[in-house]
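Read the structure below first, then the notes.
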Amino acid sequence: MHIQWSPSTGKNMTFRPNTRSVMITTQPNTTRNVSARSLCQRTQAGHTNRWQLAGALGSDLLGQAQIQRAEEFANKSPERKIKSADPMALHWHEDATSCPQSPLPRLVHPLSASRRTRLCKDVTWSSKLHTPEERFHVLSRKVTNNSNPDAVLECLGVRWELHCAVLSSSDTLCELYTSSKRQRDVQLHERAVKASRASSSAHGKGLVYRNWHLSGLLILRLPVKDASINKEALSFALRILYDPEERPDEWGEAVLSAAALLGMSNLFQKCLKKMMADISSSNVCSFHQASCKFKETFLQRACERWLELFFVTELSSHIKLKDLPFDLLLKTLRSPRLFAPNEYEVLRVVLYWLYLQLNPLRQTPPAHSTVITFFSRETTVFLELPQGQKYITAFQALRMHGITEWQHLQELKNIRVLPESWLLNILSNHYHTLYSGGDMIVTDFSKQAMRFGMMLNQEQECCTQTINLYGFYFILQAAKMGQSNTYIFSIERLRHWDPAVPQSSAVSHPYCMRADRSVRFHITVQSYANGEWQEHSSGTVNQHFGLCKRLSRSKPFQIEGLSPPILVTFALAFPCC
């Protein structure tokens, strides 16, 4: 089919404005197929009387915007048919069985799948289906069956449409709504009085009453001064108003702050419970910060209790160690319930923490060799520098006299962190203790005892550790009794040729020939039961350990009702005889 203009035809026809005459002729030998003719046709787009070619045009931004807007707001009028100028959507196919959950008719594309795939790669679509605003909008409309909102909350640069039925769960929103409604009623009343007076003076008659109605939605403006509140946390808090079963991506300070801002006490307490149950290396520092911010002592104590247990074993290998504030670090080091495999491990974690403070841009936990190299290249002692003065109290809280291994003492000397007077004092005390038969100058056992720890997991029924102190060998034991939940803990002295003593330790370490040794020890057992960590203590015990079988072992410390994991700490000291 071909369209041609005919001048003769135009002469014989009556002239009409805004009209054109065409003559259609048919060419039998045409080479165009049906699809080609369809691409030359034009269709009307929307109700703007705008015509467009049916061919795919990737530059048709208006048509793309129409389709996107139709998908976003179609649930406001689900039964409305929408025509779009988007060439990717030439027509709608209404099929209730194809997509029963979608409020829009199903879109059927007339082009082939390969053509559609190529066009999708050329055109960038901006989808907002996963934004916090969209998640709230979809849920609120679903719960209220697309009913009209009563108010609009302007917060964090977003307009949140709210309904009166849910505002009672938020003290802040309820107060804002009440005050805004009262203020608008007063304004409307004043406007009605002024209009009545003006009408009375103009017509010389009595008051002319006019019905003043509320027009538009109430605008609730809520400023946010807390930097921890983001759109995701606010969206979740508002979704809770409509559906109490909603769950956030992460419980934390942002949700807690949003609940406090909106005055949602139930959500605030629920968030606190979730945070207390989910304390880990990745969030213990932020949770403690939130507890101090809102003065929640239970959460604060739970975070500090977790640090006492896992500061050395778990947080030391996590990058969140750098977020631990200095005051909390010092409080943890001074805690008598701090669990540590040995005193050197505590020092190592403090060095890691100090390295991260001096290198705040690091995003991965440092290797031990990296930390040692960093502090070894310094020409001056770090604690003697102005920037190192504030960290002195943290190193004073360490029990560095409990570091007795030669390689660890050599490392202390190489890292150039401790003053030479500290190193001299440590080495001289070791020298004095060795040549006095192990006698230690103990003035405060709770702060000077050497700590050795072990952990029993679910699979372990027995755990032992062999230690060497100034030539005396001991084996620390923790074992489960049969199939019950009863455990026993004890200390036994060994001869230096005992098979339980490692051969390398017997060759490289000194040994003492004294037949007896006065030992002061304290056993602390910590385990999780009934939703909290419980502590069991043997108290401070003084005992003479001999080499014979009868005097070589301490009285067993037995505890019932324990469940793994179990953290055991043996604190030992050799007082003067």
Side-chain angles (χ1 to χ4, degrees), residues 311-312 316 321 326 329-330 332-336 338 340-359 366-453 467-472 504-505 508-512 571-576:
F311 170 69
V312 178
S316 60
L321 176 64
F326 177 75
L329 170 69
L330 188 59
T332 304
L333 294 176
R334 291 175 175 175
S335 174
L338 175 65
N342 52 68
E343 301 299 338
Y344 172 76
E345 293 295 325
V346 184
L347 171 65
R348 184 178 61 85
V349 181
V350 175
L351 290 176
Y352 284 17
W353 176 87
L354 181 59
Y355 173 85
L356 293 174
Q357 302 306 305
L358 301 177
N359 300 272
H368 182 70
S369 58
T370 303
V371 177
I372 298 303
T373 303
F374 176 80
F375 289 110
S376 299
R377 68 187 181 189
E378 298 293 333
T379 57
T380 57
V381 177
F382 176 77
L383 293 183
E384 294 179 348
L385 297 175
Q387 62 175 340
Q389 294 292 319
K390 59 182 179 180
Y391 301 114
I392 291 180
T393 53
F395 285 91
Q396 289 176 342
L398 301 176
R399 305 181 186 184
M400 284 182 286
H401 61 274
I403 302 175
T404 58
E405 296 291 335
W406 177 85
Q407 60 269 27
H408 297 162
L409 292 172
Q410 188 66 28
E411 192 175 274
L412 275 179
K413 179 182 177 181
N414 295 335
I415 59 177
R416 304 289 293 169
V417 173
L418 304 179
E420 292 185 0
S421 59
W422 292 27
L423 295 174
L424 182 61
N425 185 47
I426 295 173
L427 295 176
S428 61
N429 286 338
H430 288 336
Y431 181 86
H432 176 270
T433 304
L434 280 172
Y435 280 87
S436 61
D439 293 343
M440 301 169 55
I441 302 176
V442 181
T443 57
D444 189 346
F445 176 79
S446 61
K447 297 180 179 180
Q448 294 178 294
M450 300 181 185
R451 294 168 297 190
F452 301 90
I467 63 173
N468 169 36
L469 286 179
Y470 304 115
F472 297 92
S504 58
S505 178
S508 60
H509 292 78
Y511 59 91
C512 185
L572 294 87
F574 296 163
C576 297

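Heavy atoms only: backbone and side chains are in, while hydrogens, waters and symmetry mates are out.
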**Prompt:** Can you tell me how far CZ of Arg334 sits from OG1 of Thr393, rounded to the nearest 0.5 angstrom?
**Reply:** 6.0 Å

**Prompt:** Rounded to the nearest 0.5 Å, how far does CG of Leu424 lie from CG of Asn429?
**Reply:** 9.5 Å

**Item:** Other residues, nucleotides, ligands: >12 heavy atoms within 6.0 Å of Glu405 CD
**Value:** yes

**Fill in**
Minimal heavy-atom distance between Ala397 and Leu330, with the atoms involved, is CB-CD1, 4.2 Å

**Asked** With a 4.5 Å heavy-atom cut-off, do Phe311 and Leu329 have their side chains touching?
**Response** yes

**Shortest non-hydrogen separation from Phe472 to Gly438 and the atoms involved** = CE1-CA, 4.3 Å

**Asked** Got Arg451 and Leu338 here, is their nearest side-chain heavy-atom distance under 4.5 Å?
**Response** yes

**Prompt:** Is Trp422 close to Ile392 at the side-chain level, that is, under 4.5 Å between some pair of heavy atoms?
**Reply:** yes

**Item:** Residues His430, Thr404; criterion side-chain contact (heavy atoms from CB on, under 4.5 Å); working and verdict
**Value:** CA-CA 8 Å; His430 288 336; Thr404 58; 3.9 Å; yes

**Prompt:** Got a second to check how far Leu347's CG is from Leu418's CG, nearest 0.5 Å?
**Reply:** 7.0 Å

**Message:** Over 60° means perpendicular and under 30° means parallel, so tell me whether Phe326 and Trp353 are parallel, tilted or perpendicular.
**Reply:** tilted

**Message:** Applying side-chain contact (heavy atoms from CB on, under 4.5 Å) to Tyr391 and Val417, what does each step give before you reach the verdict?
**Reply:** CA-CA 11 Å; Tyr391 301 114; Val417 173; over 6 Å; no

**Request:** Mind listing the closest non-hydrogen atom pair of Met400 and Ile426 along with its distance?
**Result:** CB-CD1, 3.8 Å

**Prompt:** Which atoms form the tightest heavy-atom contact between Pro419 and Val381, and what is the distance?
**Reply:** N-CG1, 3.6 Å

**Prompt:** What closest approach, in Å, do Val442 and Ala573 show between heavy atoms, and which atom pair accounts for it?
**Reply:** CG2-CB, 4.1 Å

**Message:** Can you tell me how far apart CD (Glu378) and CD1 (Ile415) are? Round to the nearest 0.5 Å.
**Reply:** 11.5 Å

**Prompt:** Should Thr380 and Leu385 count as side-chain neighbours, where that means a heavy-atom distance under 4.5 Å?
**Reply:** yes

**Message:** Please check: side-chain N/O of Gln448 versus main-chain N/O of Asp444, any donor-acceptor pairing under 3.5 Å?
**Reply:** yes

**Prompt:** Would a 4.5 Å heavy-atom cut-off, applied to side chains only, mark Ile467 and Asn342 as touching?
**Reply:** no

**Request:** Assess the side chains of Tyr344 and Arg348: does a donor N or O sit below 3.5 Å from an acceptor N or O?
**Result:** no

**Sub-4.5 Å side-chain heavy-atom contact between Leu358 and Phe375** = yes

**Side chain Arg416, main chain Arg377, donor-acceptor under 3.5 Å** = no

**Message:** Within the structure provided, determine whether Phe574 and Leu469 are in side-chain contact (heavy-atom separation under 4.5 Å).
**Reply:** yes

**Prompt:** Got a second to check how far His401's NE2 is from Met440's CE, nearest 0.5 Å?
**Reply:** 5.0 Å

**Spacing of His368 atom NE2 and Tyr352 atom OH [to the nearest 0.5 Å]** = 5.5 Å

**Message:** Testing the basics here: between Ile403 and Leu409, what is the closest heavy-atom pair and its distance to 0.1 Å?
**Reply:** O-CD2, 3.3 Å

**Prompt:** For the residue pair Tyr435 and Tyr431, is the inter-centroid distance of their aromatic rings smaller than 6.0 Å?
**Reply:** yes

**Message:** With a 3.5 Å distance limit and no angle check, can you tell me whether Asn425 reaches the backbone of Ser421 through a side-chain donor-acceptor pair?
**Reply:** no

